[in-house]
Amino acid sequence: MTPPTTSGNRGLLQAEPLIFETGHATGAGVDLPEPKGAPTKLNGLTRKAALDLPGLSEPETMRHFVRLSQKNYAIDLGLFPLGSCTMKHNPRLNERAARFEGFADLHPLQPVATVQGALELMDELAHWLCTLTGMPAVALSPKAGAHGEFCGMLAIKAALEARGEGRRKRVLVPSSAHGTNPATAAAAGFTVDEIPARDDGRVHLDDVKAKLGPDVAAIMITNPNTCGLFEPEIRRIADAIHEAGAYFYCDGANYNAIVGKVRPGDLGVDAMHINLHKTFSTPHGGGGPGAGPTVLSAALAPFAPVPHIVLRGRTRELREHAHGTQAFGRMCAFHGQMGMFTRALAYMLSHGSDGLRQVAEDAVLNANYLLARLKPHFSAPFGERPCMHEVLLDDSSIKPKGVETIDMAKALLDEGYHPFTTYFPLVVHGAMLIEPTETEPKRELDRFAEVMIALAGRVNAGEVEFFKQAPKLTPMRRLDDTRAARQPKLRWRRGDNSAGARQAAE
Ligand SMILES: *Cc1c(COP(=O)(O)O)cnc(C)c1O
């Protein structure tokens, strides 16, 4: 396919090569005089050849990164319907607080007497997380949801070993689970036993009971689950798990749907991670830092990882050992992601408990509004009942007409939207998972719904080629996703031509 313009530039957006291609060893943003006769202490080890770094002037550098940023879709540009990711607006107030130098410019090895405010903030955040979830303890240090899962599963392992039941190795995971759940269980040294999906998208008590035995260590359940449904038997499942001597890990990535409404502690949860970068406001999706604090029940609290924050008199201390605890170890070098802690607490304090409850209510309301608008035009496998915070569609109304889920996603790109989550959860064929979040006004929901409905109209009109050609208007057209995953090209060498590779992809 020939590019639509001679330059590869398109509609006021300029094509941008790699910084290594435009930069040159002699270029620089600053111009300093050569040091005169400064003695070197390198004893003949001075580098002879120039370092092959991309030197650029300040304006060139600015343009490079601004052009790249223009190729990025962002929540600040529009609705970001990526299901299970909770792509909500992040209030700028939280950004401001995270940049206060008393939080942003700390060194993790600073004397503890000089970071009392930061420790107090962490303590306060821990208090909010424990209160909201109804759990007695929280480990703040995990750096992502998956890392929080790992923390919870290591606490479960330590608790089993302390009971002399380290032989319990089997972890039950429903087939609708996020891929991180079985991966975490395996990484923590357990074996994964899958609970098969049922037609109603829920986990059934009978199916769990049929799997229980003296070798079961834990169950990992997501609630609300990845089909966007609340698990109605969750309390009885927790009881059955506990009776069998096992623990209940809850994947709390979907906590946004129930924050302030349901306390996971009341559901019998033993460990649950909370993605601060989903529920509690932090820019998310760009590969930046995450934070997955893990709340723990009384049974698991003694095994929480170090460090512990301990209040002595009026001073807070960071302790590697605390009385009566049997920490399984530590999750990371220091104490977690300070910037995210600050954003999360600012978010909680500015919403208040009533505001957080409204977050959940509005998130669920927005999803149900979209479900109601899209249901007449698409197949919504569980759409006969209200959903929680996300709308799940399958491909059964489009596939017989020759259009796949991936084609719908690519067509959305031309319409100016980042696609919904595709092909997840796996239990639904050709899944399209849409999570609008609470921060979308009705006007934006309507705009998005109208685009989706118009696309459904094109499917029904038999415009298969329209979909197979999409995206037509993005800087890149359809890339070979499979080849990119199987044979990733992670290194650029001088002489490689990214622009050439790009045109080949066209
Ligand atoms: C996002 C997500 C995770 C993993 O969280 P990360 O922060 O990306 O590691 C786990 N489970 C579910 C259901 C999720 O949506």
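Atoms within a ligand are numbered from 1 in the order they appear, just like the ligands themselves.
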Exercise for the section: Spell out, as yes or no, whether a donor-acceptor pair under 3.5 Å connects the side chain of Arg478 to the backbone of Ala470. Expected result: yes
Exercise for the section: Would you sort out whether Arg373 and Asp446 count as a salt bridge (charged side-chain N to carboxylate O under 4.0 Å, His left out), showing the intermediate values? Expected result: CA-CA 8 Å; Arg373 287 217 58 185; Asp446 283 328; 2.8 Å; yes
Handout entry: Test side-chain contact (heavy atoms from CB on, under 4.5 Å) applied to Lys410 and Phe467, step by step
Key = CA-CA 8 Å; Lys410 299 294 184 193; Phe467 285 95; over 6 Å; no
Handout entry: Between NZ on residue Lys399 and OG on residue Ser379, distance to nearest 0.5 Å
Key = 13.5 Å
Problem - Where ligand 1 meets Lys278 - atom numbers and elements under 4.0 angstrom, heavy-atom basis - result: 1 (C), 2 (C), 3 (C), 5 (O), 14 (C), 15 (O)
Practice task
Please state whether the rings of His351 and Tyr347 are parallel, tilted or perpendicular, taking 30° and 60° as the class boundaries.
Solution key: tilted
Fill in the blank from the handout: the protein heavy atom lying closest to atom 5 (O) of ligand 1 turns out to be Asn275 ND2, 3.0 Å
Practice task
Take every heavy atom of His277, measure it against each atom of ligand 1, and state whether any distance is under 4.0 Å.
Solution key: yes
Completion exercise
Under 4.0 Å from one or more heavy atoms of Ala144, ligand 1 contributes atoms 7 (O), 9 (O)
Exercise for the section: Before signing off on this row, confirm whether Thr222 and ligand 1 have an N or O atom pair separated by under 3.5 Å. Expected result: no
Problem - Ile398 CD1 to Met408 CE distance, which is reported to the nearest 0.5 Å - result: 5.5 Å
Exercise for the section: If the plane angle is over 60° it's perpendicular, under 30° parallel, otherwise tilted; pick one for Tyr73 and His418. Expected result: tilted
Handout entry: Check against side chain to side chain donor-acceptor pair (under 3.5 Å), His242 and Tyr247
Key = CA-CA 6 Å; His242 290 146; Tyr247 294 99; over 6 Å; no
Practice task
Look only at interatomic distance and state if Asn254 has a nitrogen or oxygen under 3.5 Å from any nitrogen or oxygen of ligand 1.
Solution key: no
Exercise for the section: Give the residue, atom name and distance (to 0.1 Å) of the protein heavy atom nearest atom 11 (N) of ligand 1. Expected result: Asp251 OD2, 2.6 Å
Practice task
Around atom 6 (P) of ligand 1, find the nearest protein heavy atom and jot down its residue, atom name and distance.
Solution key: Gly145 N, 3.4 Å
Exercise for the section: Please identify which atoms of ligand 1 are closer than 4.0 Å to at least one heavy atom of Thr180. Expected result: 10 (C), 11 (N)
Practice task
Please indicate whether any nitrogen or oxygen in His273 is less than 3.5 Å from any nitrogen or oxygen in ligand 1.
Solution key: no
Practice task
With heavy atoms of Ala253 as the reference, note each atom of ligand 1 found under 4.0 Å away.
Solution key: 2 (C), 11 (N), 12 (C), 13 (C), 14 (C), 15 (O)
Practice task
Could you find the nearest protein heavy atom to atom 15 (O) of ligand 1 and give me its residue, atom name and distance?
Solution key: Ser84 OG, 2.6 Å
Exercise for the section: Would you mind telling me if ligand 1 is within reach of the side chain of Glu149, the backbone, both or neither, using heavy atoms under 4.0 Å? Expected result: side chain
Handout entry: Under-4.0 Å heavy-atom contact with ligand 1, by part of Ala146 that carries it
Key = both
Practice task
For residues Phe341 and His335, establish whether the separation of their ring centroids is below 6.0 Å.
Solution key: no
